[in-house]
Amino acid sequence: MKTRTLLVLAVTCGLVILVAGTIQLLRVADQTTGSPPVAAGATAKAGDASVTLLGVQFDTATLTAMVRIGGVDDPQGINGFTMVSAGSSRKVSGGTCQALTVAAQQCTLVFANSGLKGTPRQLLFGRAGVQLRWVLVGIDGAPA
């Protein structure tokens with residue numbers, strides 16, 4: 001190959017890399033960071049639902065979150081809760097919360113806690129494109 005051909009190929013490759021990098025930069029420029037955690041005891045809104053984490057208790061088998069929730073009638077609204085830890089997640093497996101109601105109710109959400117790695121847990125609630133997050137730390141179940 002001639003030197004001129006190699007130079008043209010090198011410049012072309014450089015331009016392709018430059019264009020690809022610019023496209024990727026534009027793609028990630030609009031991304032926002034995750035939502036900051038909600039403090040225990042503070043009320044937060046996700047869509048039309050208001051949620052307050054009142055406390056947490058857990059042992060090797062279960063994690064129980066005490067919440068006050070209301071603002072909307074939705075029989076499937078409790079399905080928006082998830083507990084996550086070290087790449088694993090658990091949906092609600094029991095408790096006294098059966099459905100979301102307009103009137104605020106105080107109830108419990110129970111999650112299976114066995115088999116999860118690491119002590120820190122996060123409680124997530126998603127509704128109407130909004131995700132609320134509480135960071136749960138410590139082996140005594142004390143919310144952050």
Where Gly47 and Ala128 come nearest, the two heavy atoms and their spacing: CA-CB, 3.7 Å

message: Donor-acceptor check, side chain of Thr96 to backbone of Thr108, threshold 3.5 angstrom: yes or no?
response: yes

- prompt: Counting N and O atoms only, with roles assigned by atom type, does the side chain of Arg127 sit under 3.5 Å from a partner on the main chain of Leu132, one being a donor and the other an acceptor?
  reply: no

field: Gap between atom CG of Asp74 and atom CG of Asp48 - 0.5 Å precision
entry: 8.0 Å

task: Report the distance from atom CD of Gln105 to atom CD1 of Ile69, rounding to the nearest 0.5 Å.
output: 7.5 Å

- prompt: If two hydrophobic side chains count as joined below 4.5 Å and joins carry through other members, does Leu123 share a cluster with Val110?
  reply: no

message: For Val92 and Phe111: C-alpha separation, side-chain torsions, deciding distance, then whether side-chain contact (heavy atoms from CB on, under 4.5 Å) applies.
response: CA-CA 5 Å; Val92 176; Phe111 301 90; 3.6 Å; yes

message: Let me confirm one number: the SG-CZ distance from Cys107 to Arg68, rounded to the nearest 0.5 Å.
response: 10.5 Å

statement: Closest heavy-atom pair, Trp134 versus Val51, reported as atoms and distance to 0.1 Å, is CH2-CG1, 3.5 Å

message: Quick check: closest heavy atoms across Phe125 and Gly77, and the distance to 0.1 Å?
response: CE1-O, 3.6 Å

- prompt: Looking at OG of Ser89 and CZ of Arg121, how far apart are the two atoms once the value is rounded to the nearest 0.5 Å?
  reply: 12.0 Å

query: Roughly how far apart are Ser88 OG and Met83 CE, rounded to 0.5 Å?
result: 9.0 Å

message: Using every non-hydrogen atom in the two residues, find where Ser93 and Ala112 come nearest and quote the distance to one decimal.
response: OG-N, 3.6 Å

- prompt: Closest heavy-atom contact between Ile78 and Ala99?
  reply: CG1-N, 3.8 Å

message: Under the side chain to side chain contact (heavy atoms under 4.5 Å, CB included) test against Val67, which residue among Val56, Leu109, Leu54, Thr52 passes?
response: Leu109

- request: I would like to know whether Lys45 and Val130 meet side-chain contact (heavy atoms from CB on, under 4.5 Å); could you show each step before the answer?
  value: CA-CA 8 Å; Lys45 291 187 73 72; Val130 176; over 6 Å; no

- request: Pick out which of Thr12, Ile17, Val11 makes a side chain to side chain contact (heavy atoms under 4.5 Å, CB included) with Leu15.
  value: Val11

field: Joint cluster assignment, Val72 & Phe81, ILVMFWY side-chain distance < 4.5 Å
entry: yes

message: Is it the case that the side chain of Asn113 and the backbone of Asp59 share a donor-acceptor pair, with hydrogens and angles ignored and the cut-off at 3.5 Å?
response: yes

field: Atom pair CG/NZ of Leu7 and Lys2 - distance to nearest 0.5 Å
entry: 13.0 Å

